[in-house]
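Residues: numbered from 1 along the sequence shown. Counting starts at 1 for both ligands and their atoms, following the listed order. Note that this is a predicted model, so its numbers are computed, not measured.
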Amino acid sequence: MRVAMKRLPVIATLLLLFAFTATARDDRPRGTAGIFDYYVLSLSWSPEYCATTRRDDELQCARPYAFVAHGLWPQNERGWPQDCESRERVPDATINRLLPIMPSKGLIIHEWRKHGTCSGLGADGYFAALERSYRAIRIPDRYQRLPQTLTVDAARLRSDLLQANPALRSDGVVLQCAGRYLQEVRICLDRSLSPRACGRDLRNRCGDSLVLRPVR
Ligand code: U2P
């Protein structure tokens, strides 16, 4: 009994530590499939990803991709649900069909587990929605073939995108940068995949002028 009492502070410290690391590791509770407000279609500027991220992803970075599909994220007006319950796996045929626009098998599987499971659509329905929303966006020619680094005003990039896609709303497009470098364009869509305004927590993270690494 006395030994147990002596160990009490140690046990209490261990319990506190465990509780703290569990919270730090995953502060987002599991979402519920199908319960969300809208979607964010996230387009990644592949040259930036390939220049800055350590990856074993030969396919994406061995080829001259420009904007690739990062994901279609079920989103709430604040925050987003993730890692919803599902035992479904992404069929190989779906992966192969997706690779031309989302050129990483690892990313496809990750996006399904983290976001797709929350769509409530099942893997086929989710990736069909992702494909449909990606293909509906017209990327202006200027950004498809970019042999040299391009420095461009954020306002110009936004207006080019809006001009090429008149249905998009200017409050439905947000840019994401790392320093001056463009990483992503995020486009907000309602649950039927029509353009809508982004939630207030989705903010532009680029300065007035930004840099696109070349497509090679
Ligand atoms: O921004 C860093 C990563 O956080 C996840 N993210 C971000 C914003 C948002 O609205 N929804 C969202 O999921 C993304 O994580 P990933 O899907 O890449 O694991 C994003 O890359």
- prompt: Under 6.0 Å from the CZ atom of R216, do we count more than 12 heavy atoms belonging to anything else shown?
  reply: yes
field: Proximity flag E184 to ligand 1, non-hydrogen atoms under 4.0 Å
entry: no
- line: Looking only at protein heavy atoms, what sits closest to atom 3 (C) of ligand 1 is R186 NH2, 4.8 Å
- request: Just jot down the ring pair (Phe, Tyr, Trp, His ring centres under 6.0 Å) partners of W73, sequence neighbours excluded, or say none.
  value: H70, H115
message: Can you report which non-hydrogen protein atom sits closest to atom 19 (O) of ligand 1, along with the distance?
response: H110 NE2, 2.6 Å
task: Specify the protein heavy atom at minimum distance from atom 10 (O) of ligand 1: its residue, its atom name, and the distance to 0.1 Å.
output: Q75 NE2, 2.9 Å
- request: Using a 4.0 Å heavy-atom threshold (strictly under), name the region of V40 that reaches ligand 1: side chain, backbone, both or neither.
  value: neither
field: Ion pair check, D83 and R113, cut-off under 4.0 Å
entry: no
field: Salt bridge flag under 4.0 Å for residues E77 and R196
entry: yes
query: So, for I101 and E131, which heavy atoms are closest and what is the spacing to 0.1 Å?
result: CD1-CG, 3.7 Å
- prompt: Relative to ligand 1, is Q82 under 4.0 angstrom through side chain, backbone, both or neither, heavy atoms considered?
  reply: neither
- prompt: Considering only heavy atoms of E111, which atoms of ligand 1 have at least one such atom less than 4.0 Å away?
  reply: 16 (P), 17 (O), 18 (O)
- request: Within a distance under 4.0 Å of any heavy atom of L202, pick out the atoms of ligand 1 and give their elements.
  value: 10 (O)
statement: For atom 11 (N) of ligand 1, the closest protein heavy atom turns out to be W73 CE3, 3.1 Å
message: Whether E184 and R205 form a salt bridge (side-chain N of Lys/Arg under 4.0 Å from carboxylate O of Asp/Glu) is what I want to check.
response: no
query: How close does the nearest protein non-hydrogen atom get to atom 18 (O) of ligand 1, and which residue and atom is it?
result: H70 NE2, 2.7 Å
query: Which other residues end up in the same hydrophobic cluster as V68, if Ile, Leu, Val, Met, Phe, Trp and Tyr are linked when side-chain heavy atoms come under 4.5 Å apart?
result: Y65
- request: Considering heavy atoms of the protein only, find what lies nearest to atom 15 (O) of ligand 1 and give residue, atom and distance to 0.1 Å.
  value: K114 NZ, 3.0 Å
- request: Can you sort out which atoms of ligand 1 are near H115, meaning under 4.0 Å from one of its heavy atoms?
  value: 12 (C), 13 (O), 16 (P), 17 (O)
message: Can you confirm whether more than 12 heavy atoms, excluding those of Q144, are under 6.0 Å from its CD atom?
response: yes
